[in-house]
2 protein chains.
Amino acid sequence: MSDDLLTIRQMCDAFEVTPRTLRFYEARELLFPQRRGQHRLYGRSDRARLTLILRGKRFGFSLEQIRQLLELYDPAERNITQTEATLATARDRLADMERQHRELGEAIAELRQQIAEGEASLQNLKSDA
Amino acid sequence: MSDDLLTIRQMCDAFEVTPRTLRFYEARELLFPQRRGQHRLYGRSDRARLTLILRGKRFGFSLEQIRQLLELYDPAERNITQTEATLATARDRLADMERQHRELGEAIAELRQQIAEGEASLQNLKSDA
DNA sequence: GTTCCCCCTTACGCGAACGTCAACTCGCCC
DNA sequence: GGGCGAGTTGACGTTCGCGTAAGGGGGAAC
């Protein structure tokens with residue numbers, strides 16, 4: 001299970017983010033790179049987490065909401081109460097995402113309709129010209 | 001076509017926003033309430049626009065992106081060039097939304113899976129206790 | 001040895017999206 | 001005519017998500 005480690009620069013190139021962003025996520029406890037001396041080294045789980053972080057951001061979630069979700073993917077220390085709390089917030093997020101998924105579907109349909117109308121009125125403008 | 005007009009307070013109660021928010025959206029040219037003397041009055045189109053604004057926000061769009069989208073729904077003054085530009089940005093947004101819709105579907109599936117695993121490990125914790 | 005280059009920490013800055021507070025206007029009620 | 005309730009315009013404050021210097025360590029290349 002070679003866990004090929006990436007430097008911060010390699011991470012940035014791979015995910016198109018800046019070093020500042022990675023250090024910021026670490027400060028907010030979204031990433032936990034190892035240290036070799038001073039330097040950070042990012043392993044497999046860091047890459048998986050960063051993928052989820054960036055996706056969560058595209059959905060409009062805050063970093064704090066994303067952090068809570070990441071707990072679910074963690075092999076962290078687990079007692080019953082904590083696991084139940086994590087599951088509860090995860091179910092809340094899931095409900096959010098399902099609602100958003102439905103709304104997004106409707107919005108897409110409406111936008112397609114509007115674009116079609118816009119294209120039609122554009123044809124009118126052109127034929128008048 | 002009675003366009004029953006709402007005061008700012010009625011708008012706020014209806015949409016669960018603050019007066020500050022409505023005035024802010026107006027300053028950013030997302031809303032255009034009429035004026036009766038000093039006071040603002042919000043009509044049918046303002047309500048429609050606000051609905052779209054709040055939905056756009058839930059999708060993680062910026063107010064500026066939303067403003068551009070609203071142009072498409074407007075009966076504004078139209079020349080060919082402007083209409084084409086509006087349509088172009090609308091098609092960009094549509095592509096964004098479609099990608100987001102797909103990703104969201106995948107993320108929902110993964111999250112359901114993770115929740116299921118979490119529930120399973122919770123059962124283990126409880127049976128050990 | 002010193003010049004790069006990459007990385008580090010600390011810290012202040014910034015735009016977005018509002019919250020909050022102060023001071024004013026206007027209609028209305030008693 | 002004094003007060004109040006709703007609305008108005010600034011102006012400054014706040015939180016989030018980073019950007020951007022400023023200053024320092026350490027190795028490897030010349």
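All values below come from the heavy atoms of this structure, side chains included, with hydrogens, waters and symmetry mates left out.
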Inter- and intrachain pairs under ring-ring contact (aromatic ring centres under 6.0 Å, His included), touching residues 92-113 of chain A, at least two apart: A:His101-B:His101
Point-to-point distance, once rounded to the nearest 0.5 Å, from CG of B:Leu52 to NZ of B:Lys57: 14.5 Å
Chain A contact limits on DNA chain D, taken 5' to 3' with a cut-off of 4.0 angstrom to heavy atoms: D:dG17 to D:dT20
For A:Arg58, all residues meeting side chain to side chain contact (heavy atoms under 4.5 Å, CB included), sequence neighbours excluded: A:Leu54, A:Arg55, B:Arg99, B:Glu103
Presence of B:Tyr25 side-chain N/O under 4.0 Å of C:dA17 phosphate oxygens OP1/OP2: no
Inter-residue atom distance A:Phe24.CZ - A:Leu63.CG, 0.5 Å rounding: 6.0 Å
Any pair counted as side-chain hydrogen bond (donor to acceptor under 3.5 Å, both in side chains), so long as it reaches residues 17-29 of chain B, sequence neighbours left out: B:Thr18-B:Thr21, B:Glu26-B:Arg40
Remaining members of hydrophobic cluster (4.5 Å side-chain criterion), A:Leu5: A:Leu41
Members of residues 10-18 of chain A that approach DNA chain C, where some heavy atom sits under 4.0 Å away: none
Between C:dT9 (C1') and A:Phe24 (CZ): distance, integer Å: 16 Å
B:Arg47 to B:Phe15 six-membered ring, cation-pi geometry met (6.0 Å, 45°): no
Residues that A:Glu98 engages under side chain to side chain contact (heavy atoms under 4.5 Å, CB included), provided they are two or more places apart: A:Leu94, A:Arg102, B:Ile108, B:Arg112
What's touching nucleotides 20-24 of chain C from the protein side, N or O pairs under 3.5 Å?
residue, atom, partner, partner atom, Å
C:dT20, O4, B:Arg20, NE, 3.2

Under 3.5 Å: donor-acceptor pair, side chain of A:Arg36, backbone of A:His39: no
Between CG on residue A:Leu72 and CG on residue B:Leu111, distance to nearest 0.5 Å: 6.5 Å
Donor-acceptor under 3.5 Å (B:Gln100 side chain, B:Phe59 main chain): yes
Shortest non-hydrogen contact between B:Cys12 and B:Val17, atoms and distance: CB-O, 3.1 Å
Those residues of residues 50-62 of chain A lying under 4.0 Å from DNA chain C by at least one heavy atom: none
Results of side-chain hydrogen bond (donor to acceptor under 3.5 Å, both in side chains) for A:Gln113 - residues two or more places apart only: A:Glu117
B:Asp46/B:Arg49 ion pair, N-O < 4.0 Å: no
Of residues 33-41 of chain B, the positions that come close to DNA chain C - non-hydrogen atoms, cut-off under 4.0 Å: none
Along DNA chain C (nearest heavy atom to each residue), the more 5'-positioned of A:Arg23 and B:Glu64: A:Arg23
Partner set under side chain to side chain contact (heavy atoms under 4.5 Å, CB included) for A:Ser62, not counting sequence neighbours: A:Glu64, A:Gln65
